[in-house]
Number of protein chains: 2
Amino acid sequence: MSRQTDRAAAPRLSREGIIDAALALVDRSGPAGLSMRALGSELGVEAMSLYRHVHGKEDLLEGVVDALTSELTAVMEREADEHWQTFLQNVAHAVRDIAISHPLAFPLIATRHPAAPWLRPPLRSIEAVDILLRVLLAHGFSDEQAVRAYRGFSSFLLGQLLLEAAVRGADVGGAGPASGNGDPSFSGEGDESLDDAPEVRRLRALLSEDHSKEEFETALEILLDRLETELSQ
Amino acid sequence: MSRQTDRAAAPRLSREGIIDAALALVDRSGPAGLSMRALGSELGVEAMSLYRHVHGKEDLLEGVVDALTSELTAVMEREADEHWQTFLQNVAHAVRDIAISHPLAFPLIATRHPAAPWLRPPLRSIEAVDILLRVLLAHGFSDEQAVRAYRGFSSFLLGQLLLEAAVRGADVGGAGPASGNGDPSFSGEGDESLDDAPEVRRLRALLSEDHSKEEFETALEILLDRLETELSQ
DNA sequence: ACCTGAACACCGTTCAAGT
DNA sequence: ACCTGAACACCGTTCAAGT
């Protein structure tokens with residue numbers, strides 16, 4: 001037996017490890033699957049032990065969201081010297097990468113109340129917003145233009161990526177039980193009741209096609225074009 | 001004592017009444033405040049009684065979302081003969097009215113998994129989508145153009161209104177306890193730590209201004225213009 | 001210093017029992 | 001026919017107790 005390491009403490013738990021495990025659990029079984037008890041047993045520990053490292057479930061979820069968005073702030077810092085269009089493109093793609101690799105967790109970013117009311121998801125940290133504003137201002141945006149661009153950029157990302165994450169999350173299996181609607185008129189998988197929806201029925205294949213990548217790119221183009229137009233007048 | 005009415009049954013509970021009460025409860029205290037037991041006591045009844053009229057909590061939430069969006073389908077039916085631009089404008093405003101009058105409940109529309117993967121929130125019913133497609137097709141949109149328009153319209157509404165609902169929901173008090181961040185470096189209300197975010201600090205007043213109405217209107221204009229351009233080429 | 005057992009006040013849900 | 005009591009398997013959280 002060695003002396004220090006395996007006799008005293010050797011804390012098996014850390015805030016970081018707990019948050020990582022929580023994110024993994026949410027990725028696997030959705031936010032509903034994350035309970036303190038389930039997380040504990042995942043880590044080979046009783047649920048109560050977690051409270052030594054995390055202030056409660058609320059704090060844990062905050063930690064998961066932070067973990068998810070922390071790489072984002074790093075990207076923003078790294079790209080802060082690019083032209084504003086390149087910068088926004090790269091940030092947009094970084095956010096999309098997060099949404100795609102964590103489709104079940106991404107809604108947490110959108111849904112949880114940010115620390116300040118003017119922090120708009122998915123950009124949830126003051127630093128992130130500060131970097132974004134700084135880049136825009138450095139390239140000739142006025143204060144008002146920069147703030148408007150920040151707002152437009154946020155809602156673009158949120159709308160686009162929440163829908164894309166929902167589609168991918170459903171594949172992963174975040175839907176839970178297929179929810180058996182009360183009406184007996186609904187029976188099967190959702191293909192029913194297309195009887196009084198002729199256009200939906202006719203366009204079903206088209207509606208089911210996944211064009212999220214192209215949609216994202218063109219919507220981003222349009223947004224950037226609009227910002228540029230606004231900037232030069 | 002009269003004969004029929006107060007002797008037999010006179011069912012005090014109905015699916016509709018339960019759903020209405022659930023929506024009222026969510027409006028007041030957020031989705032987290034909705035429990036079967038709380039809802040029961042709201043209705044002067046034990047929680048178990050609810051299961052006679054509702055298939056469980058999942059079904060109840062589905063009912064709440066349906067109640068929230070049912071007026072919407074009515075609006076769409078009523079406006080289906082208008083020009084497509086007028087139609088989309090009126091639908092957009094109807095959705096916004098819902099978001100504004102139920103800021104705490106609106107995220108449910110966005111977050112809950114729709115019945116079919118190509119049903120994009122906030123348009124969550126097959127009928128609604130069918131009407132929308134029909135209107136567009138009737139005004140010369142091709143199949144592809146109509147589907148693209150549906151997609152653009154959905155993510156516009158979702159991004160815009162989820163953010164607006166979040167701001168208004170925070171006012172109503174949906175944030176819950178101010179969440180006491182773990183770091184002791186955070187102490188007050190969120191105004192702290194602006195020290196390393198000079199632009200945010202400088203633009204704080206501007207960032208806090210609420211321009212959601214104008215933003216919504218101009219973003220809607222831009223979307224409609226884009227669709228029109230796309231249509232005529 | 002770190003983890004745990006026992007306990008408390010909640011959940012959603014089922015089912016036999018009451019009226 | 002409708003509501004309820006009791007029960008079950010879960011929650012989050014606290015705190016004295018163990019090592």
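The chains referred to below are lettered A, B, ... by the order of the sequence lines, with proteins before strands, and numbering in each begins at 1.
Distance from the side chain of B:Tyr51 is smallest to C:dG12 among D:dC3, C:dT4, C:dG12. The side chain of B:Arg52 lies closest to D:dC3 when the candidates are D:dA6, D:dC3, C:dT4. Here the nucleotide nearest the side chain of B:Leu13, chosen from C:dC3, D:dC3, D:dT13, is D:dC3. You'll find that the side chain of A:Glu46 is closest to C:dT4, out of C:dT14, C:dT4, D:dG12.
Contact annotation: A:His53 reaches the phosphate of C:dC3 (side-chain N/O to OP1 or OP2, under 4.0 Å).
Listed by chain and number, the residues in a ring-ring contact (aromatic ring centres under 6.0 Å, His included) with B:His211 amount to none (sequence neighbours excluded). With sequence neighbours left out, A:Phe153 forms a ring-ring contact (aromatic ring centres under 6.0 Å, His included) with no residue at all. Considering only residues two or more places apart in sequence or on other chains, B:Phe87 meets the ring-ring contact (aromatic ring centres under 6.0 Å, His included) condition with none of them. Listed by chain and number, the residues in a side chain to side chain donor-acceptor pair (under 3.5 Å) with B:Asp97 amount to none (sequence neighbours excluded).
Taking atom CG of B:Asp59 as the reference point, atom P of C:dT13 lies 10 Å away to the nearest angstrom. When the P atom of D:dC11 is taken as reference, atom NZ of A:Lys57 falls 9 Å away, rounded to whole Å.
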Secondary structure of DNA chain D in dot-bracket form (Watson-Crick or G-U wobble, distances below 3.5 Å, | marking inter-strand pairs)
||.|||||...|||||.||
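Among the candidates B:Leu220, B:Val135, B:Leu132, the single residue satisfying the side chain to side chain contact (heavy atoms under 4.5 Å, CB included) test with B:Leu88 is B:Leu132. When each of A:Arg124, A:Arg15, A:Lys57 is tested with A:Glu62 by the rule salt bridge (Lys or Arg N to Asp or Glu O under 4.0 Å), just one qualifies, namely A:Arg124.
Across residues 35-42 of chain B, B:Ser35, B:Met36, B:Arg37 each have a non-hydrogen atom less than 4.0 Å from an atom of DNA chain C (numbered order).
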